[in-house]
Amino acid sequence: SEQSINIPGGYGNYHQLIPSGSDVYLFHRGDADGDGSYDWYYRKSSDQGSSWTSATEFLEFDKQYSAYAKVASTGDDRIDFAYTPHPRGDDASLWYAYFEPSTGNWYDVDGNQLSVPFSRNDLNPVWDAAATGKDAWIWDVRSNGGNPEVLYATMEGGVECEDCGYFFHDYRHSRYESGTWDTNKIVGTHHLRAQANFDNPDNESQYSPGIYFNHQDFSEIYLSRNTSLRTDDNDT
């Protein structure tokens, strides 16, 4: 039956349910500190959702506003977690860690155990906003047998659009192999002429239509974009 779950500090949203063996994990964010920086928590149910453990904070967001995350698992003893801060703030880089349900431990991409709650200062970025001059936004993540992969958008401004924020949106794919993230651009789009982002009341130019793995067939990726102006100089 329907039940209510108390979120630490309120503001609980972006809930993601992940099965692992006979258990189910619920990931969500909240604001237990009351400082307007929304941290991330998980809780576990061993009876198919009839009861839940108390919330465990695992990601401490060390800036104002929020971290946005995607969580995925193939059902084995590994849950992958990738996140970006909202580009409206600062340093919207992309970060990755994974969780091992059997031990309750968190690890960075190299398998080094993390103390919880951890922060982005404990991780090496998948995409470095400061180094590239482009902010990122996470869209999807998958384990890939221990060589994790992430799909995301990167954004940059342009002199033609000084008053509307981000001008170019690029979809990118990164895979971790042999100790490094191999990153490739999938497709780029010019957000004004090709409508890369959705119309929204706050005119937030950070939003892209989206890109995802087919989690039933990982050889496939789905993305949404406007194809009416594929001759744009920034489209590849």
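This chain uses plain numbering: 1 for the first residue, then up along the sequence.
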Consider only side-chain heavy atoms of I, L, V, M, F, W and Y, link residues closer than 4.5 Å, and tell whether Tyr41 and Leu26 are in one cluster.
no

Does Trp95 reach the main-chain N or O of Leu123 with its side chain, forming a donor-acceptor pair under 3.5 Å?
no

Taking the six-membered ring for Trp, are Tyr96 and Trp181 ring centroids under 6.0 Å apart?
yes

Interatomic distance, Thr56 atom OG1 to Trp106 atom CH2 [nearest 0.5 angstrom]:
10.5 Å

Hydrophobic cluster membership, Leu114 vs Val71, 4.5 Å side-chain cutoff:
yes

Any residue meeting side-chain contact (heavy atoms from CB on, under 4.5 Å) with Glu220, in chain and number order, not counting sequence neighbours
Asn214, Asp217, Tyr222

Working to the nearest 0.5 Å, report the span between CH2 of Trp127 and OG1 of Thr84.
13.0 Å

Residues in side-chain contact (heavy atoms from CB on, under 4.5 Å) with Thr103, at least two apart?
Glu100, Asn105, Tyr107

When you compare the side chain of Glu57 with that of Val116, does any pair of heavy atoms fall below 4.5 Å?
no

Give a yes or no on whether the backbone of Gly75 and the side-chain of Ser73 come within a donor-acceptor separation of less than 3.5 Å.
yes

side-chain hydrogen bond (donor to acceptor under 3.5 Å, both in side chains) between Ser45 and Asp47, intermediate numbers included:
CA-CA 6 Å; Ser45 174; Asp47 53 15; 2.9 Å; yes

For Ser174 and Tyr152, does a side-chain donor sit closer than 3.5 Å to a side-chain acceptor?
yes

Residues passing the salt bridge (charged side-chain N to carboxylate O under 4.0 Å, His left out) test with Lys134, sequence neighbours excluded, are Glu156, Asp170

Applying side-chain contact (heavy atoms from CB on, under 4.5 Å), can you list everything that pairs with Ile7, at least two apart in sequence or on another chain?
His15, His28, Arg43

Name the orientation class of the two ring planes belonging to Phe27 and Phe58 (parallel below 30°, tilted from 30 to 60°, perpendicular beyond 60°).
perpendicular

How many angstroms lie between atom CZ of Phe61 and atom NE2 of His86, to the nearest 0.5 angstrom?
10.5 Å

Give the cluster check for Phe218 versus Ile186: same hydrophobic cluster or not, with ILVMFWY residues linked at side-chain heavy-atom distances below 4.5 Å.
yes

Please report the closest heavy-atom contact between Pro85 and Ser93, naming both atoms and the distance.
CD-O, 3.3 Å

Look only at the side chain of Gln16 and the backbone of Ala69, and say whether a donor-acceptor pair between them is shorter than 3.5 Å.
yes

Any side-chain heavy atom of Val150 within less than 4.5 Å of one from Tyr176?
no

Between CE of Met155 and NE2 of His169, what distance do you get to the nearest 0.5 Å?
6.0 Å

Any donor-acceptor pair under 3.5 Å from Asp110 side chain to Asn112 backbone
no

Backbone N or O of Leu151 within a donor-acceptor pair of the Tyr212 side chain at under 3.5 Å?
no

Under the ring pair (Phe, Tyr, Trp, His ring centres under 6.0 Å) test, residues paired with Phe213 that sit two or more places apart
none

Which atom of Ala92 lies closest to which atom of Pro87, heavy atoms considered:
CB-CA, 3.7 Å

Report the residues that fulfil side-chain contact (heavy atoms from CB on, under 4.5 Å) with Pro101, sequence neighbours left out, ordered by chain and then residue number.
Ser20, Tyr25, Asp77, Ile79, Phe99

Say you draw a straight line from CD of Glu177 to CG of Asp182; how long is it, rounded to the nearest 0.5 Å?
7.0 Å

Which pair of heavy atoms, one from Asp91 and one from Ala130, lies closest together, and at what distance?
OD1-N, 4.4 Å

Taking all non-hydrogen atoms of both residues, which atom of Gly210 and which atom of Tyr171 are closest, and how far apart?
N-OH, 3.0 Å

What is the distance from atom CZ of Arg142 to atom CG of Asn147, rounded to the nearest 0.5 Å?
9.5 Å

Determine the minimum heavy-atom distance between Ser119 and Leu59, stating which atoms define it.
CA-CD1, 4.1 Å

Can you check whether Leu17 reaches Val24 side chain to side chain, under 4.5 Å on heavy atoms?
yes

If every non-hydrogen atom of Ile211 is compared with every non-hydrogen atom of Ile221, which pair is closest and at what distance?
CG1-CG2, 3.7 Å

Parallel, tilted or perpendicular: which one describes the rings of Tyr83 and Phe81, with boundaries at 30° and 60°?
tilted

